[in-house]
Novice: 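This structure is in structure tokens; I'll ask about it shortly.
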Number of protein chains: 4
Amino acid sequence: MALDTRERVRRAAVKLFAAKGFHGTGIRELAQESRLSTASLYHYMGSKEDLLADIMRTCLRTLLDSAAAAVEGVTDPARRLTTLVKLHVKTHARMPKETWIVDNEIHVLTPAMRRSVVSLRDEYERLWDDAVSAGVARGVFDTAHPGVTRIALLEMCNGVARWYSPRGSLSLDDLAEHYADMALRALGACPCGSAEGQSRGE
Amino acid sequence: MALDTRERVRRAAVKLFAAKGFHGTGIRELAQESRLSTASLYHYMGSKEDLLADIMRTCLRTLLDSAAAAVEGVTDPARRLTTLVKLHVKTHARMPKETWIVDNEIHVLTPAMRRSVVSLRDEYERLWDDAVSAGVARGVFDTAHPGVTRIALLEMCNGVARWYSPRGSLSLDDLAEHYADMALRALGACPCGSAEGQSRGE
Amino acid sequence: MALDTRERVRRAAVKLFAAKGFHGTGIRELAQESRLSTASLYHYMGSKEDLLADIMRTCLRTLLDSAAAAVEGVTDPARRLTTLVKLHVKTHARMPKETWIVDNEIHVLTPAMRRSVVSLRDEYERLWDDAVSAGVARGVFDTAHPGVTRIALLEMCNGVARWYSPRGSLSLDDLAEHYADMALRALGACPCGSAEGQSRGE
Amino acid sequence: MALDTRERVRRAAVKLFAAKGFHGTGIRELAQESRLSTASLYHYMGSKEDLLADIMRTCLRTLLDSAAAAVEGVTDPARRLTTLVKLHVKTHARMPKETWIVDNEIHVLTPAMRRSVVSLRDEYERLWDDAVSAGVARGVFDTAHPGVTRIALLEMCNGVARWYSPRGSLSLDDLAEHYADMALRALGACPCGSAEGQSRGE
DNA sequence: AATGAATGAGAATTCATTCAT
DNA sequence: TATGAATGAATTCTCATTCAT
């Protein structure tokens, strides 16, 4: 029961933070959306900032763990990157609110809390970095500025959370495929091309 | 003189809105940063939201006008897109605060003001859309989902405002070049490739 | 307990609004007079305007209900009017602040709230109108302009709230009697005269 | 020219003070309505309170002087009262805004200014008092509480400013006549009655 | 587990007024 | 005569948070 309530609070926060931003969301709205009194809210969330950090950490943890698992044992850099891109895109399409919050509200966090969130994000981005670096090292990727490319691709994929709608004509799989394709092309890995066909099993 | 003060206010706002968000910025901070009393502030800015909308409109207007001018008379779709990407990237690198605000704080605007800003943004994005569509129509670009690709590239370029530092190792020209390169690749226009070499004069 | 506080707030407001007008009364004064912080004040009153409208509606409701009850079953127009005048005068003498507020601060209300208050007032005035009209119809009253007379008498009675003091030499009953007498005279009902004598039992 | 401007300011103030009250009217509205900058406003009005007191004094002065003149040499108490009532009613009908301000905004004045206004008002009311007292002394009026009657009649007449419209069916003369009639009746002077017919010459 | 009551601090905005020009 | 610029103080109202119950 307590768990349900806690979950209700979290969902209310995700909805509101994503819609109006952290500072744009008041405790009262949060309480109302959670069907709780403001006082009760504090029983579940600690402070408003705790709640935000919690949401961010959970989302990043999920992304990080599933990415690490998906990539485990995959040695081919192109496949690794494809896997990462698809997972990233799908996660952003499926949880646009949570991911939007992670991607855009980090700056409101107090330094201490920011550190814990940023370190998770850095850990996640290291997976991308490793894949790109490996691909470059093996000559599979051809890009003048691997670091820049990596961050550019990440931002490109983050954007999905801003606009993708499951009601649109594009399926989640096709979306992920397309982004993976763009990423490989941007990395100069397109000629070896057959990536698209092979990645179906994911 | 009045102009100077007004400009001071605008710069203070740009700095603070970009650093802490619209809702995270108080008018007291704004006044302090502008070296004005809060009351005097209102002599120059109308409301806080007016100030925000003003910054956004000015920034978009600049981007839109210079993009339209840069693209005028350029018929080759690849060159048009290259031009747009470079301008976009450079603007985001040079005015990261203004562009960050435009890209991230639209949701705080009141419906009426939002409309005026969004319509400017839409007008700008149409330039991208036209270039992409033209390229696809002429078979210069090869992409399964032109609309998605366009938005993905835009988001990729927007990201520049978040991380680029002129103190880094990459020059503005190189940065723009690299992004243009990635964009063309993502659009499947890489084979014609010599774009990089030709665009030097820009 | 909560009720006590709410009542304290209401009384503070009645006192201050009557003394300095709605716009002349600040919420700080209101809070101080209520022995509450300004923030706590809002726990009880909604907005300042809500508080005002509340006071007005309560006062009018009281007046309306007691007038309707007092007049119920009274068929003689002269007696009906006498009853209304006396009740009106006594209410204004006993609750000079509330009635003064109703009579003088309606114009500060927002249209929506104004409507709700005005409709109550209209309903109340209809009681007067009915009595006057009935008297005229039966030839008991003799006045060239019944509508004007009715409003003139109402204003005359409203005035009581401005000056009557229970510390003066006139008792409430005598005051009411005197006003009823003036009203009947103004309506040309004096000749039947014995009204004064008969109304003693009230 | 200066006079015109000064007059414009005064009229703007009369309009706004009557519509929204003194405290409900801001300096900026006043300036806008006067087609002046707020700074220029101060050139003409002194302080906001000065302006208010000025309006009140002028209005009362006018009323007082014309009443004194109209009543001069009139010895018959009934005629004197009739004259006062008619003048009062007509003034309130013709200058509803000014008279409303005088009748309702005295309480916002600072003690010192209030005194000067109140003393004018008292002087004016003395004319009424004299007429009533004289009538009572001579047995022309028959009222149990002359003082109360006088104030009741005054309030009744003040009310005209609240509702009379020249666009209505009642002419100013008829209106004044009717009020004078009601006043005499309330004072028990109706039997001698012919007052109505005789007062035509006024 | 839940909440009504309470609050200090702060929110954005307007106040009446002054002054240099 | 006129005003743009400036402001300290006040405005109404909301903030996130605590606490006694």
Side-chain angles (χ1 to χ4, degrees), chain A residues 1-6 22-31 34-52, chain B residues 1-6 9 22-31 34-51, chain C residues 1-6 9 22-31 34-51, chain D residues 1-6 22-31 34-52:
Chain A
M1 184 119 338
L3 207 142
D4 277 50
T5 306
R6 206 174 295 269
F22 178 77
H23 284 311
T25 301
I27 283 285
R28 278 117 135 115
E29 292 171 274
L30 219 41
S34 313
R35 278 170 294 132
L36 241 36
S37 69
T38 56
S40 299
L41 201 56
Y42 278 83
H43 184 70
Y44 292 99
M45 74 171 185
S47 74
K48 196 183 159 195
E49 200 191 359
D50 287 337
L51 181 55
L52 174 64
Chain B
M1 186 128 325
L3 208 141
D4 279 50
T5 306
R6 209 173 294 269
V9 170
F22 178 77
H23 284 310
T25 303
I27 48 147
R28 263 110 101 148
E29 296 168 89
L30 217 41
S34 312
R35 277 170 294 131
L36 239 38
S37 68
T38 57
S40 299
L41 200 55
Y42 280 83
H43 189 63
Y44 293 98
M45 74 170 184
S47 73
K48 196 184 157 193
E49 199 191 0
D50 287 337
L51 182 54
Chain C
M1 186 126 323
L3 207 143
D4 277 51
T5 306
R6 209 173 293 267
V9 171
F22 177 78
H23 284 312
T25 302
I27 47 149
R28 261 108 99 151
E29 295 168 270
L30 218 40
S34 312
R35 278 169 293 130
L36 239 38
S37 68
T38 57
S40 299
L41 201 56
Y42 281 84
H43 189 64
Y44 293 99
M45 73 170 186
S47 74
K48 198 185 156 193
E49 198 191 1
D50 287 337
L51 183 53
Chain D
M1 181 117 340
L3 207 141
D4 277 51
T5 306
R6 207 175 296 269
F22 178 77
H23 284 310
T25 302
I27 285 284
R28 278 117 135 115
E29 291 170 275
L30 219 40
S34 311
R35 278 169 293 131
L36 240 38
S37 70
T38 56
S40 300
L41 200 56
Y42 278 83
H43 185 70
Y44 292 100
M45 73 170 187
S47 75
K48 195 184 161 195
E49 200 191 1
D50 287 337
L51 181 54
L52 173 65

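Labels below follow one simple rule: chain letters A, B, ... track the order of the sequence lines, proteins then strands, and each chain is numbered from 1.
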Novice: CD of Glu29(B) to OG1 of Thr25(B): how many Å apart, nearest 0.5 Å?
Specialist: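 If we round to the nearest 0.5 Å, Glu29(B):CD and Thr25(B):OG1 are 5.5 Å apart.
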
Novice: Can you name the side chain to side chain donor-acceptor pair (under 3.5 Å) partners of Ser40(A), sequence neighbours left out?
Specialist: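 Once residues adjacent in sequence are excluded, the partners of Ser40(A) under the side chain to side chain donor-acceptor pair (under 3.5 Å) criterion are Ser37(A).
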
Novice: Scan nucleotides 16-19 of chain F against the protein and return all N/O pairs shorter than 3.5 Å with their distances rounded to 0.1 Å.
Specialist:
unit_1  : atom_1 : unit_2   : atom_2 : d
dA16(F) : OP1    : Thr25(A) : O      : 3.2
dA16(F) : OP1    : Lys48(A) : NZ     : 2.7
dA16(F) : OP2    : Ile27(A) : N      : 2.7
dA16(F) : N6     : Arg28(A) : NH1    : 3.3
dT17(F) : OP2    : Tyr42(A) : OH     : 2.8
dT17(F) : OP2    : Lys48(A) : N      : 3.2
dT17(F) : O5'    : Tyr42(A) : OH     : 3.2

Novice: Using whole Å, report how far CG of Leu51(B) lies from C1' of dT13(E).
Specialist: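 Those two atoms, CG and C1', are 14 Å apart.
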
Novice: Rounded to the nearest Å, what distance is computed from the CZ atom of residue Arg35(B) to the C1' atom of nucleotide dT7(F)?
Specialist: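 About 17 Å, once rounded to whole Å.
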
Novice: dT11(F) P sits how many Å from Leu30(C) CG, rounded?
Specialist: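 Checked: the CG to P distance equals 11 Å.
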
Novice: When you measure from the side chain of Lys48(A) to the backbone N and O of Gly26(A), does any donor-acceptor pair fall under 3.5 Å?
Specialist: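 A pair under 3.5 Å: no.
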
Novice: Within the structure provided, determine whether Phe22(B) and His23(A) are in side-chain contact (heavy-atom separation under 4.5 Å).
Specialist: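 The answer is no; the side chains never approach within 4.5 Å.
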
Novice: Just to verify, what does Thr38(D) make a side-chain contact (heavy atoms from CB on, under 4.5 Å) with, not counting sequence neighbours?
Specialist: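 With neighbours one apart ignored, the set is Ile27(D), Arg28(D), Ala31(D).
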
Novice: With rounding to the nearest 0.5 Å, note down the distance linking CZ in Arg6(C) to CG in Leu51(C).
Specialist: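 Between atom CZ of Arg6(C) and atom CG of Leu51(C) there are 10.5 Å.
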
Novice: Quick check: on DNA chain E, is the nucleotide nearest Glu29(B) upstream (toward 5') of the one nearest Ser37(C), or the reverse? Name the residue that is more 5'.
Specialist: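 Upstream on the strand: Ser37(C).
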
Novice: In whole Å, I'd like the distance from the CG atom of Leu36(B) to the P atom of dT13(E).
Specialist: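 Answer to the nearest Å: 15 Å.
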
Novice: Just N and O in the side chain of His43(A): are any of them under 4.0 Å from OP1 or OP2 of dA1(E)?
Specialist: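 Indeed, a polar side-chain atom of His43(A) lies that close.
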
Novice: Listed by chain and number, what are the salt bridge (Lys or Arg N to Asp or Glu O under 4.0 Å) partners of Glu49(B), not counting sequence neighbours?
Specialist: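 Testing Glu49(B) for salt bridge (Lys or Arg N to Asp or Glu O under 4.0 Å), a comparison that skips the adjacent residues, returns none.
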
Novice: With side chain to side chain contact (heavy atoms under 4.5 Å, CB included) as the test, would you mind laying out the steps for Leu30(B) and Val9(B) before giving the verdict?
Specialist: CA-CA 8 Å; Leu30(B) 217 41; Val9(B) 170; 5.6 Å; no

Novice: Pairs counted as Watson-Crick or G-U wobble with both distances under 3.5 Å: what dot-bracket string results for DNA chain E, using | for bases tied to another strand?
Specialist: .||||||||||||||||||||

